[in-house]
Novice: 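Following this message is one structure expressed as structure tokens.
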Amino acid sequence: MPTINNHFLKLAAGYLFPEIGRRVDEFTKANPDTAAKVIKMGIGDVTEPLTEACVVAMHKAVDDMSKRESFHGYGPNEGYPWLREAIVQHDYQSRGCDISADEIFISDASKCDCANILDILGHDNTIAVTDPVYPVYVDTNVMAGNTGGAEEAGRYGGLVYLPVTAENSFTPQLPTTKVDVIYLCYPNNPTGSVATKQTLKKWVDYAKENGSLILFDAAYEAYVTEPGIPRSIYEIQGAREVAIEFRSFSKNAGFTGTRCAFAVVPKGLTGKVADGTDIELHKLWSRRQSTKFNGVSYIVQRGAEAVYSEAGQQQIAGLVSFYLENARIIREALQGAGMTVFGGVNAPYVWVKTPAGQSSWEFFDTLLNDAHIVGTPGSGFGASGESYFRISAFNSRENVEEAMQRIGAVLAV
Ligand SMILES: *Cc1c(COP(=O)(O)O)cnc(C)c1O
């Protein structure tokens, strides 16, 4: 029998979404009459279909694949040049960010990129995450053996947790000690908060001073609506010397089931070799991808390219504003019901403070049992998420309106 990666046994997590599922199952079994009425506002998955520009491009790409002259086998590991060029032009150069096409690595998902990046980093780094946080950053470090065991409240030994709560306006304090790697996600999942230019500049300055690497997850950049809020960390001068950025077509173009994303690994960004010399992370990531990854489907990359066409840009803006309108409806309904709400302006998530004295899970049970609404307990994203609750705007308008009516009725009692 083979031995296993024992670090997996440290994972206290895996508990959040399975536990939600368990409670929903239990409820629907006990209440078969109301089972059909349960509205899920928990998981961060999109609900609206792909836009026309993407669909047309992918249909055409399937036709390309059907003819010898335009058939494509393995593509470049790092993605087709036409997609990398489109990304650089629209997402970076047009915003004054100094990023070039050979620094873009197309992938099948940001979740994988966030996880796989650990392949090229050592196991002796001090790693900081916000609390609450997107669980992928933490769990992949646990699996890689970069942490100790889980402590009470689910925190892992060896990680530096930076609390983000209403008390600090969801802006983490800079670590008081030197950390080597920092995960930042803006607009933020789960809190829906954003970082200003000044905030990001503080992080870039910190990283420069301490030789740290920032892993910047910008999966929700398309949701930025307020002027002046950066959509990329490279809008901050000097960021290309300290940051890798992860981007995805999942939330802006509805590609959660289609799968396409990219990582930006600037040249000149370096890590330390054991002998004290520096080595380019770009070189290592390129090597990693060429060994462990064979690229994203031609059809899907054509779909992603269409996001950058004129029609594509208009249509995805429509998608994003549809979800943001849902977020507005949720925000206003909950505020009207007397709740304290955050987020939902530059992000598809509304982060609410639970009613007085209720824990995240207690509020989860109240909403499930009395309103038949499923949300996500804030404590599932980290100890500092306790007494908060996440409601996702990814849903049909009909469900959002119905859900807000029901929650309003329950909270009015
Ligand atoms: C949805 C999401 C992503 C994107 O994930 P994909 O694997 O590209 O679908 C990345 N980061 C965060 C925080 C997310 O919520």
Side-chain angles (χ1 to χ4, degrees), residues 13 16-17 20 40-48 50 54 79 83 87 91 104-118 128-141 162 164 170 172 182-195 214-224 231-233 243-264 289 293 295-297 300-301 303-304 307 316 319-320 323-324 326-327 343-344 346-351 375-376 378 380-382 385 390-395:
L16 176 61
F17 289 105
I20 291 173
K40 295 190 174 164
M41 306 192 81
I43 296 181
D45 194 2
V46 299
T47 54
E48 302 309 299
L50 295 173
C54 295
L83 177 55
I87 288 169
D91 289 341
I104 306 286
F105 292 83
I106 309 297
S107 76
D108 58 345
S110 263
K111 190 189 224 183
C112 317
D113 287 341
C114 291
N116 293 338
I117 199 71
L118 294 178
V129 291
T130 62
D131 173 13
V133 70
Y134 181 52
V136 174
Y137 315 147
V138 172
D139 289 0
T140 53
N141 273 288
L162 308 170
V164 281
F170 302 98
I182 305 145
Y183 289 85
L184 294 177
C185 172
Y186 290 111
N188 189 255
N189 177 9
T191 66
S193 61
V194 287
I214 297 174
L215 298 176
F216 191 79
D217 184 345
Y220 296 96
E221 61 78 34
Y223 290 80
V224 169
R231 289 165 167 243
S232 161
I233 192 152
I244 288 174
E245 180 164 288
F246 301 113
R247 291 275 301 268
S248 171
F249 295 99
S250 284
K251 311 299 169 31
N252 65 345
F255 271 41
T256 54
T258 305
R259 314 306 291 142
C260 196
F262 60 92
V264 186
Q289 292 299 77
F293 188 57
V296 176
S297 132
V300 168
Q301 290 191 67
V307 164
I316 68 157
L319 261 188
V320 167
Y323 293 125
L324 281 171
N326 282 350
N346 299 293
Y349 298 113
V350 177
W351 188 243
T376 316
F381 296 102
R390 191 189 76 176
I391 297 188
S392 160
F394 290 129
N395 222 315

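In listed order, ligands and their atoms are each counted from 1.
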Novice: How far is atom 15 (O) of ligand 1 from its nearest protein heavy atom, and which residue and atom is that?
Specialist: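 For this ligand atom, the closest protein heavy atom is Tyr220 OH, 2.6 Å.
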Novice: Do any nitrogen or oxygen atoms of Thr256 lie less than 3.5 angstrom from nitrogen or oxygen atoms of ligand 1?
Specialist: no
Novice: Return the set of residues passing side-chain contact (heavy atoms from CB on, under 4.5 Å) with Leu319 (not counting sequence neighbours), or none when no residue passes.
Specialist: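 Glu48, Thr51, Tyr323.
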Novice: Just need the protein heavy atom nearest to atom 9 (O) of ligand 1, so name the residue and atom and give the distance.
Specialist: Ser250 OG, 2.6 Å
Novice: Sequence neighbours left out, what passes ring pair (Phe, Tyr, Trp, His ring centres under 6.0 Å) with Tyr223? Give chain and number order.
Specialist: none
Novice: Can a non-hydrogen atom of Gly44 be found less than 4.0 Å from any atom of ligand 1?
Specialist: no
Novice: Looking only at distance, does Ser110 have an N or O less than 3.5 Å from an N or O of ligand 1?
Specialist: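 Yes.
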Novice: Does ligand 1 have any atom that is closer than 4.0 Å to a heavy atom of Phe255?
Specialist: no
Novice: Has ligand 1 got any nitrogen or oxygen that is less than 3.5 angstrom from a nitrogen or oxygen of Lys251?
Specialist: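 Lys251 vs ligand 1: N/O contact under 3.5 Å present.
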Novice: Between Phe105 and Phe293, does the ring centroid distance fall short of 6.0 Å?
Specialist: no
Novice: Does the plane of the ring in Phe262 sit parallel, tilted or perpendicular to the ring in Phe249? Use 30° and 60° as the thresholds.
Specialist: tilted
Novice: Would you find a donor on one side and an acceptor on the other, under 3.5 Å apart, between the side chain of Arg390 and the backbone of Gly42?
Specialist: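 A pair under 3.5 Å: yes.
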